[in-house]
Every structure is written in C-alpha cells, then in structure tokens.
Amino acid sequence: MSNRMWGGRFGGGPDDIMEEINASIGFDQRLFAQDIRGSLAHAQMLVSQGIISQADGKAIAEGLAQIEAEINDGKFKFSRALEDIHMNIEARLSELIGEPAGRLHTARSRNDQVATDFRLYVRDALDHMKAQIHELMAVLVSKAEAHSDTIMPGFTHLQPAQPVTFGHHLLAYVEMLARDAGRFQDARKRLNESPLGAAALAGTGFPIDRDMTAEALGFDAPMGNSMDAVSARDFALEALSATAICATHLSRLAEEIVIFSGPAYGFFDLPDAFSTGSSIMPQKRNPDAAELVRAKTGRIIGALGGLMVVMKGLPLAYSKDMQEDKEGVFNALDSLSLSLAAMRGMMDALGVNGDAMRAAAESGFSTATDLADWLVREAGLAFRQAHHVTGQLVALAEEKNCMLDELPLAEMQKLEAAISEDVFSVLSVENSVASRRVFGGTAPEAVRARVVHWQNWLAEAQS
Ligand code: ARG
C-alpha cells in the first residue's frame with residue numbers, strides 16, 4: 001500500500017529496506033511533546049487567521065491532547081510504516097477526529113515542523129544542562145572552601161612544579177564550568193528563533209501569522225529567511241560544540257581522579273558509591289565512573305564531528321541527510337547530562353587525603369622557585385643567576401637526601417654568601433602558597449575570596 005500522507009502519485013509501497021532506512025520514528029518519537037506543542041500553536045494561528053474553522057481547531061486540539069496522554073501512558077502504537085513522529089501523530093489524529101485532521105498541515109511542511117520541534121527540544125536541553133553545571137559547580141565550590149589551605153603539589157608536565165592549595169585546584173574547574181554554562185546560554189540566544197511558517201522552503205501563500213506562532217512557542221522572533229529556517233542546523237552544532245567542550249573539561253577532571261586516587265599518589269579515596277571492585281583481585285577499587293566520564297567524551301566529540309560532516313556538503317534547502325542530525329545530538333546531550341550527574345556525585349563524596357598531598361608537595365623541591373625569587377628579592381641576584389644557585393642547592397639537597405628547608409644554613413652560604421637565616425621563611429610549602437596572594441593566585445586567602453565570588457555568582461544564577 002502506498003503512503004497515506006504522500007503516496008498520491010505512487011503505485012505501490014516502499015521496499016522493506018527502503019522503509020527501514022527511511023524511518024526515523026525509532027529515535028524521533030522523543031520529540032512528541034514538542035511536535036504536539038508546535039501543532040497546537042500552528043492550529044490556533046490557523047483559526048485566528050480564518051484559515052481553518054474554530055470547530056476544526058477545537059477538534060484538532062482535543063485530539064492532540066488525547067494523543068499526548070496516550071504517548072505518556074505508553075498506549076500509543078508507533079508505526080515504522082508512518083516514518084516519523086510527525087506522520088505518526090497526524091495519522092492517529094485522523095483516526096480520532098477524521099477529516100479536520102487533514103487541515104492541520106495547511107501552510108506547513110514537515111521541513112519547518114521538524115526544525116521547530118528539534119529547536120524546542122534542544123532549547124530545553126540547553127537550559128537543563130546549564131542548571132546541572134551549576135549544581136556541579138556548587139559541589140566544587142564547597143569542597144574548595146573546605147580545602148582552601150590543604151596543600152598539594154601543583155604540576156606542570158605532571159611533574160611537581162610549585163605547591164598549590166587543593167581549593168585552588170578545584171576552583172580551576174569551577175572557572176571552566178562557568179564558561180561552559182555561559183556557552184549553553186549563548187547558544188540558546190541564537191537558537192531561539194522560530195522556523196515555523198517557512199513551510200517546505202519558500203514560505204507559504206496562506207495568510208499565516210508567524211509572529212503569533214513564534215510567540216506561542218516562546219521564540220524571540222520568526223526566522224527571517226524560509227530557506228535558512230528549514231535547512232539551518234548550526235543551532236545543533238553549537239549545542240554540540242558547547243557539549244563537547246564541557247565534556248572535555250569533565251574528562252580532564254576524571255583523568256585526575258583516576259591518577260590521584262591510584263596508590264602511586266593516594267590523594268583521593270574513591271567513594272564506595274562511585275567505584276567498583278574486581279571479580280578476581282580482591283584488593284581492587286576501580287574508578288569506573290571517572291573512567292566512563294572520560295570515555296563518554298569520545299562519543300560526544302564524535303557526534304559533533306559527525307553532524308559537521310553530514311552538513312558540510314548539503315545544498316539548500318532541506319535534504320533527508322538532515323534526519324541524521326538527531327541521534328547524535330540526543331546521545332551527546334544524554335551522555336553529558338549523565339556525566340555531570342556522576343561527576344557531581346563523585347566529587348561530593350570524594351575522600352581527600354591531605355597528608356599524602358602535603359608529603360608529595362614537600363618531596364619534589366617544589367619551593368625551589370620561591371628560593372630563587374628570594375635570592376632576587378633579598379640578595380639582589382639577577383634571576384638567571386638565582387636560578388643557577390638554586391639548581392645547585394637542589395642538587396645538594398638531593399645528595400643529602402633532605403628537603404630544601406632542612407639544608408644547613410652554613411652549607412647554603414658556601415654556595416652563595418648572601419643567603420641569610422631569612423631564607424627559611426620561603427622554603428616551607430605553607431609560606432610558598434601563602435605568598436601567592438595575587439588576584440587569581442593560590443594563597444588560602446585568595447582562594448577564600450574566590451570561593452565567596454563563586455558563592456555569590458551561583459546564588460545569583462540560581463535565583
Ligand atoms: N523525519 C524527517 C526528519 O527528521 C522529517 C522531515 C521530512 N521531510 C521531508 N521532506 N521528507 O528530517
């Protein structure tokens with residue numbers, strides 16, 4: 001049998017394989033609420049413009065409400081032969097209300113319909129993601145507050161570089177996440193225009209009111225070009241870009257959880273609720289949740305690359321290729337949402353081993369820069385010369401198997417006569433971090449000031 005919606009000129013139905021490759025109902029049924037919302041707005045506008053009768057408008061609205069209830073209750077029968085969510089709903093509407101159902105599609109095409117549905121869906125997802133990011137930020141900020149003076153090694157090249165506070169380290173992720181939330185917010189602004197009324201590609205000759213449907217759907221305005229309206233997917237690309245960047249940030253944090261919870265560092269104790277054991281090695285406690293957050297970044301970045309490749313060769317306006325936009329976006333958004341929730345749970349319950357962190361900070365001569373700076377400031381050496389003398393002092397400490405602040409003053413003076421007792425004021429890790437009070441620095445007081453900044457920021461964002 002040929003398709004009831006578009007089969008007028010067809011002699012027979014599609015090959016089974018054609019039906020399989022063509023159908024999107026398996027994944028676009030997720031858009032049902034948006035599809036119904038769009039249809040309601042469209043039907044109301046058709047009535048108000050005198051394009052369909054009030055009675056037809058009422059029948060359509062009641063039918064759509066029943067369909068929404070059927071889908072919510074799991075009673076709706078989705079059919080692959082009906083291709084997609086739009087035609088599944090329209091066919092059911094026709095079963096329920098008969099002839100008026102056929103008037104709903106006046107001055108509309110599935111092209112502007114799907115573009116509208118998908119924008120509405122992505123818009124909700126962007127809002128949701130922003131809220132989840134704020135929740136994770138709140139967990140990190142309160143951990144940072146608790147650890148504003150917990151000392152750990154700061155790394156470059158994963159080699160101990162200078163001591164930092166763990167609170168400072170955590171707040172670095174808060175800064176990243178705030179920018180991520182901002183990217184979701186920015187993407188929403190550009191997304192928020194309505195394609196509805198563009199019809200297939202050229203607009204319509206019916207006297208529709210695009211402002212009315214745009215407003216009913218919460219869009220700022222109708223899109224200004226009908227060909228762009230049905231064929232633009234940059235809103236999805238932008239959402240995926242923001243998703244991929246945020247996932248990349250989570251992946252870096254996940255990587256640190258994996259590394260620093262291992263016995264080589266022992267900085268973190270993984271919470272039971274977010275780790276697993278091994279079925280063969282009883283001693284194991286594996287950071288699976290962190291590893292999966294790290295790994296999911298792969299599919300999220302893949303979804304961005306995938307849709308870019310789909311779009312790059314498409315002439316205007318709609319091509320069926322665009323049906324492939326949805327699965328990657330759904331999957332990427334789901335994956336990031338799950339990752340944010342997992343990261344929030346992990347970070348909230350993460351045990352912090354301050355003693356191990358401190359011992360590691362002390363072991364790598366991490367105050368060598370402070371020593372060189374002291375030689376410049378207090379002994380008047382040029383920085384290059386100070387760097388050289390400090391290198392010799394590090395070698396000496398290494399030889400004596402002691403820390404820099406355990407070197408006897410007399411031995412230091414043999415290498416540089418200008419060194420005095422005062423040098424010990426900068427050699428401890430406490431004094432090193434405390435000295436970095438500059439805005440954005442790692443000193444406990446600077447960290448506490450930034451914690452307050454973020455607490456206020458979050459209170460504002462969540463109000
Ligand atoms: N299922 C289609 C999609 O997701 C809806 C639009 C179909 N339009 C068309 N001209 N065949 O893109």
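Just so you know, ligand 1 is whichever comes first in the structure, and atom 1 is the first atom listed for that ligand. This structure is a prediction, so every number in the text was calculated from the model and none was measured.
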Query raised in the report: Taking NZ, NE, NH1 and NH2 as the nitrogens, is one of them in Glu99 or Arg103 under 4.0 Å from a carboxylate oxygen of the other?
Result: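 Salt bridge: yes.
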Query raised in the report: Salt bridge between Arg448 and Glu445, side-chain N to carboxylate O under 4.0 Å?
Result: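 No, Arg448 and Glu445 are not salt-bridged.
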Can you tell me which residue and heavy atom of the protein come closest to [atom], and the distance to 0.1 Å?
| atom | answer |
| --- | --- |
| atom 1 (N) of ligand 1 | Gln323 OE1, 2.8 Å |
| atom 8 (N) of ligand 1 | Asn111 OD1, 2.9 Å |
| atom 7 (C) of ligand 1 | Tyr318 OH, 3.5 Å |
| atom 4 (O) of ligand 1 | Lys326 NZ, 2.5 Å |
| atom 11 (N) of ligand 1 | Arg110 NH2, 3.5 Å |

Query - Contact (N/O only, under 3.5 Å) between His86 and ligand 1 - result: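 So ligand 1 has no N or O lying under 3.5 Å from an N or O of His86.
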Query raised in the report: Quick one: which ligand 1 atoms are inside 4.0 Å of a heavy atom on Asp84?
Result: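 Listed by number with element: 1 (N), 2 (C), 5 (C).
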Report task. May I ask you to list the atoms of ligand 1 that are less than 4.0 angstrom from any heavy atom of Ser24? Result ->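 In order of numbering, the contacting atoms are 1 (N).
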Query - Any Val329 side-chain heavy atom under 4.5 Å of Thr243 side chain - result: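 No, too far: nothing below the 4.5 Å cut-off.
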Between side-chain atoms of residues 129-142 and protein atoms elsewhere (two or more places apart, or another chain), which donor-acceptor pairs fall under 3.5 Å?
from, atom 1, to, atom 2, distance (Å)
Lys130, NZ, Gln185, OE1, 3.3
Gln132, OE1, Ser337, OG, 2.7
Gln132, NE2, Ser337, O, 3.0
Glu135, OE1, Arg344, NH1, 2.9
Ser142, OG, Val139, O, 3.3

Query raised in the report: Given Asp84, which of Lys326, Arg110, Lys320 fulfils the salt bridge (charged side-chain N to carboxylate O under 4.0 Å, His left out) condition?
Result: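 Exactly one pass, corresponding to Arg110.
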Report task. Apply ring-ring contact (aromatic ring centres under 6.0 Å, His included) to Tyr121 and list each qualifying residue two or more places apart in sequence or on a separate chain. Result ->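 Result, ring-ring contact (aromatic ring centres under 6.0 Å, His included) vs Tyr121: Phe330.
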